[in-house]
Amino acid sequence: MLSEPRRRPARTSTPWQATMSQQEDRVSCDGQSVGALEEVLSAALEAYIGVDAEGRVVGWNRAAFETFGYTQDQACGQPVMELIVPARLRAAHRARITRVSGDAGQVERQRLQLVVAHRDGHEFPIEATLTSTDGPDGRRFHVFAHDVTVTVRAQRFAAIEAAVSRGLADASSSKQAAERVVQSLAAGMGWPIVEMWLVDDARQVLVCAARSTTRDVRDFCQPELEYGVGLPGAVQASGRPRWIPDLAADATSLRSRLATRYGLRVAVGVPINSGSVTLGALAVYGEHVEDPEDSLTALLAGVAAHTGQYLERRRAEELAIELARTKDEFLAMVTHELRNPLSIITSTAALFDDELDDLSNEQQRQYLHIITRSAERLTVMTGDLLDLARLETGHLGIDPSAIDLAEVIGQAVHAAGTAAASKHLKLTADLDSTMCLYADADRLRQVADNLLSNAIKYTPAGGTVTVTAHLDGDDRIRWTVADTGIGIPAADRPRLFRRFYRASTALQHRIPGTGLGLVVTRAIIERHHGSISVADHDGPGTTFVITLPVKPPA
Ligand code: ADP
């Protein structure tokens, strides 16, 4: 049951008048007019219920009708407990009232919060004051009550937000933070399933960082989801909240149908954002949701915003720690990488100078070629370092225009031909004749050059490098660069796109490199709203797969 927010009928509403006008807003069930007092009670905004010593309704004003849904005729004479208290709560309510009424059964201005039921069956909290008087007809109890659904909800939501803030404040890891958020929501709202999903950048999947379940829902508990799959995937991909009022009718998702097997009926998902980046999603599943859609979504969005800020801070801290740790390593590596081509240039130039008179034209060309290659290596390295610095300060710009990707890739393949041939590698390209898209041609050429030079660098002589790029459906391009080289072990792949990370195979083969190119490559692809990943490989070699939208999202 997904209950609509219930509104009181307006004071002028017809149901009351239709049923009560002939009684002229009388309050006492016996119809005896008591003048001014009667008038006051019928005009009161508080529901008034008069109850006799037997517990039967003997007074019922207009506000009582509006609050509980029964007209006076329907209410009068009924046992009040049966009329407005849900069966499962009657014993507890009776005990409470007996407690406050003392031995003499006399109640002295008691204020109580109780859960009651409307005529239509929905339950809601009221705040009631209870007093009693003794008159000629015996003891009479007077209940003045009002619906406190909104106040109670606000208190419950505030308590959840406070629990989330406390949980995040001293969490020692992102995992612990996720668990605390999920527990606070599950405890505060009583939802059977609460999940927090976070993006795993390196593997391009959503990982369930924390989950709370109150029942055995084993099949439902996948540890990972592809982007776009299920409620968390859809919310993460769109960056927008999603409300599924009837999981059984959600034909788009297998996971929704699975949820119905466990008696779940409704679900809500909200994205976890940090700035413009979606870091994951919060998803809750329930049998019914009592709260209105907008206030519930607002609560979850608030919690998700808190979590997003926390994760952002945490990532920055982790990055700072990682950078500090790798600083020395990095300095040693960069110095080594810079020194290598520089010493080749200086020593070759010195030799050239010494032997100039004795060198044949061919030998001179070879010397110059060595110098040019080393200078090119330096240029690429300094370019990558500059791009990395821009990336860190958020200034890696993209200048898009209408371009033909086939032309960009074709030129890069052509330029790589000499390097491939000198290593005796077979370089082939299979490209659509034209692939128009709105993108930065220079930056995509940089991507093509980097992937090709890696493929050539990490493939021993005699191997093959294959480039393909095709329109995949109407709206995206699939571009691959595959080689038959030393490969990247599965264990290294998740860390491949981190700064300075080098796979164990590259280190074992002592192939020079800085671990910077792929970081910049991925940043460029993501700035074009695309993605890059390493395909799972059975045989030797490596395949990088890029997907690019033909039209970037508006
Ligand atoms: P670099 O090649 O300068 O080290 P990159 O960022 O381009 O830096 O690549 C990071 C790491 O990824 C490399 O050090 C290497 O371990 C691995 N790698 C990249 N491309 C390939 C490939 N085609 N074959 C095998 N390993 C690769």
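- Shown here for R96 and L114, the closest heavy-atom pair between the two residues is NH1-CD2, 3.4 Å.
- The two atoms that bring Y227 and D200 nearest to each other are OH-O, 4.1 Å, heavy atoms only.
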ask   = Taking it one step at a time, do Q113 and V152 satisfy side chain to side chain contact (heavy atoms under 4.5 Å, CB included)?
value = CA-CA 10 Å; Q113 228 185 56; V152 168; 4.0 Å; yes
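- Side-chain contact between L300 and V284 is present, with heavy atoms from C-beta onward closer than 4.5 Å.
- Using a 4.0 Å cut-off between charged side-chain N and carboxylate O, R211 and E195 make a salt bridge.
- To the nearest 0.5 Å, atom CG of residue D73 and atom CD of residue Q78 are 11.0 Å apart.
- Between the side chain of K551 and the backbone N or O of L437 there is no donor-acceptor pair closer than 3.5 Å.
- Considering only heavy atoms from C-beta on, T547 stays 4.5 Å or farther from I477 through its side chain.
- For R527, the side-chain contact (heavy atoms from CB on, under 4.5 Å) criterion is met by L391, L396, I398, not counting sequence neighbours.
- Heavy atoms only, all atoms of each residue included: F124 and T149 are closest at CB-OG1, 3.5 Å.
- By the 6.0 Å contact criterion, CZ on R261 is open, its count of non-hydrogen atoms from other residues, nucleotides or ligands being 12 or less.
- No donor-acceptor pair under 3.5 Å is formed between the side chain of T278 and the backbone N or O of G280.
- Between the CG atom of L206 and the CG atom of L225 there is a distance of 6.0 Å, given to the nearest 0.5 Å.
- Heavy-atom contacts from other residues, nucleotides or ligands closer than 6.0 Å to CZ of R478 number 12 or fewer.
- F544 places a side-chain heavy atom less than 4.5 Å from the side chain of L496.
- R495 places a side-chain N or O within donor-acceptor distance of the main-chain N or O of A491, the cut-off being under 3.5 Å.
- Shown here are the side-chain hydrogen bond (donor to acceptor under 3.5 Å, both in side chains) partners of Q74, two or more places apart in sequence or in another chain: T71.
- Looking only at distances, no side-chain donor or acceptor of H528 sits under 3.5 Å from a matching main-chain atom of G530.
- Side-chain atoms of S132 and H142 include no donor-acceptor pair closer than 3.5 Å.
- Around atom CZ of R476, no more than 12 heavy atoms belonging to other residues, nucleotides or ligands sit under 6.0 Å away.
- Every residue two or more places apart in sequence or in another chain that forms a salt bridge (charged side-chain N to carboxylate O under 4.0 Å, His left out) with D250 is listed here: R242.
- Across all their heavy atoms, P86 and E123 have their closest contact at CB-OE2, 3.6 Å.
- A 4.5 Å side-chain heavy-atom check between P232 and R255 finds at least one atom pair inside the cut-off.
- Counting heavy atoms of neighbouring residues, nucleotides and ligands inside a 6.0 Å radius, atom CD of E526 exceeds 12 of them.
- Side-chain polar atoms of H146 and T67 form no donor-acceptor pair below 3.5 angstrom.
- Separating the CD atom in E312 from the CG atom in N273 is a distance of 11.0 Å, to the nearest 0.5 Å.
- From L198, atom CG reaches atom CD of Q236 across 10.0 Å, with rounding to the nearest 0.5 Å.
- For the 3.5 Å distance criterion, the side chains of R62 and Q72 fail to qualify, holding no donor opposite an acceptor.
- I244 CD1 to L264 CG: the interatomic distance, rounded to the nearest 0.5 Å, is 11.5 Å.
- Looking only at side-chain heavy atoms (C-beta outward), L296 and V268 come within less than 4.5 Å of each other.
- Closest of all the heavy-atom pairs between N61 and E46 is ND2-O, 3.0 Å.
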request  = Test side chain to side chain contact (heavy atoms under 4.5 Å, CB included) on V57 and L83 and set out the steps.
outcome  = CA-CA 9 Å; V57 175; L83 191 68; 4.1 Å; yes
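- In this structure the side chain of L185 reaches within 4.5 angstrom of the side chain of L282, judged on heavy atoms.
- Residue R215 qualifies as enclosed at atom CZ: its count of foreign heavy atoms under 6.0 Å is above 12.
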request  = Might you work through the side chain to side chain contact (heavy atoms under 4.5 Å, CB included) test for I532 and F497, ending with a clear yes or no?
outcome  = CA-CA 10 Å; I532 176 167; F497 294 92; 3.8 Å; yes
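- Ring-plane geometry between F68 and W60 is classed as tilted, the angle between the planes lying from 30 to 60 degrees on a 0 to 90 degree scale.
- At a threshold of 4.5 Å between non-hydrogen side-chain atoms, the residues I84 and I49 count as touching.
- Side-chain N/O atoms of T480 and T543 include no donor and acceptor closer than 3.5 Å.
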query = Can M189 and F157 be said to form a side chain to side chain contact (heavy atoms under 4.5 Å, CB included), step by step?
reply = CA-CA 9 Å; M189 301 299 292; F157 283 13; 3.7 Å; yes
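- At a threshold of 4.0 Å, the pair R139-D52 does not count as salt-bridged, since none of the basic side-chain nitrogens sits closer than that to a carboxylate oxygen.
- Ring planes of Y48 and F144: tilted class, angle from 30 to 60°.
- Aromatic rings from F220 and Y285 are positioned such that their centres are separated by under 6.0 Å.
- Under the 4.0 Å criterion applied to side-chain N and carboxylate O atoms, R180 and D170 are assigned as salt-bridge partners.
- Contact check for V266 versus L247: no side-chain heavy atoms found under the 4.5 Å cut-off.
- A side-chain donor from one of Y501 and D492 sits under 3.5 Å from a side-chain acceptor of the other.
- Listed for the R314 side chain is a donor-acceptor partner under 3.5 Å among the backbone atoms of S172.
- A donor-acceptor pair under 3.5 Å is absent between the side-chain atoms of S274 and the main chain of V277, judged by distance alone.
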query = Would R140 and D134 count as a salt bridge (Lys or Arg N to Asp or Glu O under 4.0 Å) if you check the C-alpha gap in whole Å, the side-chain angles of each, and the deciding distance to 0.1 Å?
reply = CA-CA 6 Å; R140 192 159 171 171; D134 288 317; over 6 Å; no
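- Contact between P271 and V235 at its shortest, heavy atoms only, is N-CG1, 3.2 Å.
- In this structure, CD on E287 lies 14.5 Å from OH on Y262, to the nearest 0.5 angstrom.
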